[in-house]
Amino acid sequence: MASSVSAGFNASISWLGRLVARRHGALVLFVGAFMCVSTVTRLALLLKSAGEASWNSSLLALFAWGALYDLGAAAFAAIPLIVVLTVLPSSALNRRPVRWLAHAAVFVAIALVLFGSVAEWTFWDEFGARFNFIAVDYLVYTTEVVGNIRESYKLPAILAGLAAATALGQWMLGRTGLVSAWLNAAPETVAQRHQNGLGWLAAALVLGLVLNEDQLPYFRNNYNRELAKNGLWSLFAAFRNNELDYPRFYLTLPDEQAFARLRAELTEDGSRLLNPQAFDSLRQVDNRGPELNLNVIQLTVESLSAEFLGTFNPASRLTPNLDTLATESLVFENFYATGTRTDRGMEALTLSLPPTPGRSIVKRSHNDHLFTLGSVFRSRGYDTAFLYGGYGYFDNMNAYFGGNGYRIVDRTSAKAEDITFANAWGACDEDLYRWTLREADVAHAAGQPFHFFAMTTSNHRPFTYPEGRIDLPPKISGRDGAVKYTDFTLGQFLRAAATKPWFKQTVFVIVADHCASSAGKTELPVGNYHIPLLIYAPGGQIAPGRVKTLASQIDFAPTLLGLLNWSYPSRFFGHDVRRIDPAGAHALIGTYQKLGHLEKGELTVLSPRQGLNGYHYDVAQADLTPISPTDPAVRETVSYYQTASYLYRNGLYREVPHESPGAPVRGNAPPPGRLAKLSRDQTPLVTP
């Protein structure tokens with residue numbers, strides 16, 4: 001038996017040797033190694049997610065499609081090698097220095113392929129997905145990301161292991177004699193080299209142009225779908241699709257119908273339209289009673305899932321301060337993040353705008369002078385500031401907030417003595433809150449009301465924080481320790497604030513930017529978007545209680561202003577959730593490609609290439625069951641996302657001039673010829 005196996009192995013090596021023994025034979029070695037490592041990576045990730053993946057016939061499709069994408073990624077990655085082997089002179093491989101370089105190149109190639117596999121493992125560990133748009137962002141902000149990796153993992157041990165595995169791989173490859181077979185191949189003429197090189201290049205380009213990730217079939221379990229992808233291929237696909245034009249990629253209605261449907265939705269809260277026939281969301285919101293000119297400190301907490309709080313999950317013991325605060329606050333029980341990234345949370349909490357596909361508005365161009373929560377506060381003479389423990393250039397935060405009238409207070413502006421502890425993401429939450437107290441003192445001393453948007457960083461990998469603050473040691477306690485430290489700092493901050501003269505004239509908001517994890521079996525796992533929103537007024541101006549109405553982050557700004565009894569012109573897409581019928585309440589959630597709308601237990605999901613899926617959402621089980629989406633749900637979903645994209649794309653979601661807030665605003669009509677052009681060029685995919 002052993003001899004037959006050995007004979008079969010030797011025969012395979014002999015066949016490969018003949019295939020490799022030519023100028024471009026190194027490509028066979030590279031593609032083969034790439035495919036093998038990618039398959040092993042896929043199998044390892046499947047075993048890691050054994051409890052979430054579906055172990056059925058879809059596994060065959062998973063590995064078949066995976067092999068196809070692995071081949072496409074390998075072909076693309078091999079293009080530089082194709083060019084080098086084609087232009088290298090015939091006698092070059094006979095020279096000793098070139099041979100040394102060839103062996104070094106083999107080592108580097110093996111190392112890069114293995115490094116990619118390790119990187120995928122760590123990315124999957126945090127996000128439960130192959131490389132996507134998050135990974136693209138990480139390539140841009142290398143300082144924070146490399147620092148995070150260095151502080152989160154035992155990098156020297158990982159690199160040493162990679163070096164050892166690479167050396168072992170090269171040794172095993174050398175033992176087969178395949179590298180020698182390639183180096184000792186008979187010389188080829190210039191014509192032969194160019195002919196073979198063009199053939200390889202054509203094959204790589206064909207795979208790249210024909211194969212598209214959107215061709216991947218639907219898998220009922222999203223884990224299986226992610227496993228069918230190739231990480232490198234997904235990375236470049238996300239980079240290429242960093243901005244998606246809504247009318248080109250998604251279901252549309254004629255713009256007149258989309259805006260008509262939006263206007264009907266927006267006025268469900270009793271507000272009145274200011275430009276009823278325009279392509280605009282501008283309306284007048286009127287609230288009864290005297291306006292409350294209170295200060296507002298909004299503490300936007302990194303990755304604070306609702307399940308971490310005992311008030312939502314009685315089994316949790318991580319948040320004693322927040323659980324006590326909840327008894328004195330207005331608590332929103334069914335509040336959802338609109339996205340899975342900090343910039344998406346910022347976008348929704350400030351703009352009250354649905355998440356448009358591709359990059360968030362925070363990171364796009366022409367994102368200044370927009371209609372924001374801050375612009376409404378400034379119309380009342382408030383000081384508005386964005387406070388962040390890290391460097392605000394990350395995710396374009398400073399440019400976005402600064403371009404929309406907020407003062408910037410971040411790590412760059414902090415003095416050395418203002419930072420007692422920091423990691424790759426920024427100063428610890430204790431430091432940030434101390435800065436916030438100081439800024440509030442300055443504003444109060446100047447007699448100016450203030451609205452602060454403070455963004456924390458501590459509840460993020462590497463989960464490090466100052467020693468001795470809580471009973472869980474930093475880093476080794478992981479997320480639990482970071483959450484408990486987050487709760488500790490919030491309690492400490494509020495106790496310090498209670499000693500200030502402005503305390504009882506201030507509203508404190510505790511809200512998350514997104515959940516700690518967005519991975520799930522479905523394309524939009526609703527339960528993983530559930531976040532806390534607590535509004536606390538120590539002066540008693542806002543009564544404690546519970547709001548059960550379904551809402552998402554786009555409803556935050558109008559709800560807060562409603563609690564202050566403010567009347568104002570609004571372009572917000574969200575509602576004051578206290579003023580709408582709970583039976584018709586909804587939540588908008590999404591990723592950079594998937595756009596979801598949840599209402600009456602029905603989740604409608606739009607995706608690129610006019611994709612459409614529907615689900616029934618069981619709140620008790622946090623489970624989604626596929627259904628055929630109803631026409632009213634599709635129309636409502638399309639109208640929200642299509643009009644939001646239209647307003648931003650055409651520069652119409654602008655701040656309202658303070659001097660005449662109730663008058664029609666210039667620039668709120670479509671540009672000349674725009675409506676006619678859309679009517680000609682866009683075939684309605686959702687028919688009247």
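All values below were derived from every heavy atom in this structure, side-chain atoms included, with hydrogens, water molecules and symmetry-related copies excluded. Position 1 is the first residue of the sequence, and the numbers go up from there. Since this is a predicted model, take the numbers as computed values, not measurements.
The only member of Leu387, Thr342, Leu299 that meets side chain to side chain contact (heavy atoms under 4.5 Å, CB included) when paired with Met455 is Thr342. Screening Thr350, Leu561, Val511, Val509 for a side chain to side chain contact (heavy atoms under 4.5 Å, CB included) with Phe556, the sole residue that qualifies is Val509.
By the side chain to side chain donor-acceptor pair (under 3.5 Å) test, His586 pairs with His597, Glu636, sequence neighbours left out. Evaluation of the side chain to side chain contact (heavy atoms under 4.5 Å, CB included) rule for Ile580 yields Asp269, His575, Ala585 as partners, not counting sequence neighbours. By the side chain to side chain contact (heavy atoms under 4.5 Å, CB included) test, Ala497 pairs with Leu437, Trp502, Phe503, Phe508, sequence neighbours left out. Remark: Ala512 engages Leu304, Ile531, Pro532 in a side chain to side chain contact (heavy atoms under 4.5 Å, CB included) (not counting sequence neighbours). Legend: residues meeting side chain to side chain donor-acceptor pair (under 3.5 Å) with Ser645, ordered by chain and number and at least two apart, are Arg649. Among residues two or more places apart in sequence or in another chain, the side chain to side chain donor-acceptor pair (under 3.5 Å) test is passed with Ser281 by none. Scored by the side chain to side chain contact (heavy atoms under 4.5 Å, CB included) test, Thr267 finds Ser271, Leu273 as partners (sequence neighbours excluded). Looking at residues two or more places apart in sequence or on another chain, you find a side chain to side chain donor-acceptor pair (under 3.5 Å) between Thr319 and Asp323.
In this structure a side-chain-to-backbone donor-acceptor pair under 3.5 Å is missing from Asn313 to Phe308. Using a distance-only test at 3.5 Å, with no hydrogens or angles considered, a donor-acceptor pair links the side chain of Ser305 to the main chain of Ala516. The main-chain N or O of Arg571 is found under 3.5 Å from a side-chain atom of Tyr653 such that the two form a donor-acceptor pair. The main-chain N or O of Asn367 is found under 3.5 Å from a side-chain atom of Asn404 such that the two form a donor-acceptor pair. Listed for the Asp429 side chain is a donor-acceptor partner under 3.5 Å among the backbone atoms of Thr457. Looking only at distances, no side-chain donor or acceptor of Arg495 sits under 3.5 Å from a matching main-chain atom of Leu490. A distance-only check finds no donor-acceptor pair linking the side chain of Asp343 to the backbone of Val362 [under 3.5 Å]. Tyr641 places a side-chain N or O within 3.5 Å of a backbone atom of Gly596 that can act as its donor or acceptor partner. Here the side chain of Thr591 pairs a donor or acceptor atom with the backbone of Gln593 at under 3.5 angstrom. No side-chain donor-acceptor contact under 3.5 Å links Glu602 to the backbone of Ala633.
Atom CG in Asp255 sits 11.5 Å away from atom CG in Leu262 (nearest 0.5 Å). Interatomic distance, Leu309 CG to Thr311 OG1, rounded to the nearest 0.5 Å: 7.0 Å. With rounding to the nearest 0.5 angstrom, the OG atom of Ser552 is 12.5 Å from the CZ atom of Phe573. Expressed to the nearest 0.5 Å, how far OG1 of Thr549 lies from CG of Asp555 amounts to 10.0 Å.
The two residues Thr559 and Val577 have their closest heavy-atom pair at OG1-N, 3.2 Å. Residues Leu588 and Pro354 approach most closely at CD1-CG, 3.7 Å, considering heavy atoms. When all heavy atoms are compared, the tightest approach of Gly374 to Thr384 is O-CG2, 3.8 Å. When all heavy atoms of Asn295 and Pro449 are compared, the closest pair comes out as OD1-CA, 3.3 Å. Ile554 and Leu353 get closest at one heavy-atom pair: CG2-O, 3.4 Å.
Tyr406 carries Arg378 over the face of its six-membered ring, with the cationic atom under 6.0 Å from the centre and within 45° of the normal.
Screening residues 339-376 for ring-ring contact (aromatic ring centres under 6.0 Å, His included) gives Phe371-Phe572 as the qualifying pairs, with residues at least two apart or on separate chains. Sorted by first and then second residue, the pairs that involve residues 288-307 and meet salt bridge (Lys or Arg N to Asp or Glu O under 4.0 Å), not counting sequence neighbours, are Glu291-Arg380. Annotation: side chain to side chain donor-acceptor pair (under 3.5 Å) contacts involving residues 442-453, sequence neighbours excluded, are absent. Applying the side chain to side chain donor-acceptor pair (under 3.5 Å) definition to pairs two or more places apart or across chains, none involves residues 528-545.
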Phe453 vs Phe401, ring-ring contact (aromatic ring centres under 6.0 Å, His included): CA-CA, chis, key distance, verdict: CA-CA 10 Å; Phe453 186 119; Phe401 281 98; 5.1 Å; yes
Yes or no on side chain to side chain donor-acceptor pair (under 3.5 Å) for Gln553 and Asp513, after CA distance, side-chain angles and deciding distance? CA-CA 9 Å; Gln553 284 172 322; Asp513 58 347; over 6 Å; no
Does the side chain to side chain donor-acceptor pair (under 3.5 Å) test come out yes or no for Asn287 and Asn565, once each step is laid out? CA-CA 5 Å; Asn287 282 289; Asn565 288 331; 6.0 Å; no
Step by step, would you call Glu523 with Tyr615 a side chain to side chain donor-acceptor pair (under 3.5 Å)? CA-CA 10 Å; Glu523 53 188 342; Tyr615 302 90; 2.6 Å; yes
Side chain to side chain donor-acceptor pair (under 3.5 Å) for Arg263 and Thr643? Distances and angles first, verdict last. CA-CA 10 Å; Arg263 287 191 289 268; Thr643 55; over 6 Å; no
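No more than 12 heavy-atom neighbours from other residues, nucleotides or ligands sit within 6.0 angstrom of CD on Gln277. By the neighbour-count criterion of 12 heavy atoms within 6.0 Å, atom CZ of Arg248 is sparsely surrounded, having that number or fewer from other residues, nucleotides or ligands.
Residues Pro558 and Val285 fail the side-chain proximity criterion, which asks for heavy atoms closer than 4.5 Å. Between Val547 and Phe335 the shortest side-chain heavy-atom distance does not fall below 4.5 Å. Within the 4.5 Å cutoff, the side chain of Tyr250 has heavy atoms near those of the Pro608 side chain. Residues Pro320 and Asp487 meet the side-chain proximity criterion, which asks for heavy atoms closer than 4.5 Å. Asp618 has its side chain out of reach of Thr625: every pair of non-hydrogen atoms, C-beta onward, lies at least 4.5 Å apart. Residues Val638 and Leu606 are in side-chain contact: their nearest non-hydrogen atoms beyond the backbone lie under 4.5 Å apart. When side chains are defined from C-beta on, Gln298 does not count as touching Leu560, because their heavy atoms never get closer than 4.5 Å. Counting only heavy atoms from C-beta outward, the side chains of Val526 and Ile589 approach each other to under 4.5 Å.
Under the 6.0 Å cut-off for aromatic ring centres, Phe279 and Tyr646 qualify, their centroids lying closer than that. Between Phe377 and Trp566, the ring center distance clears the sub-6.0 Å criterion.
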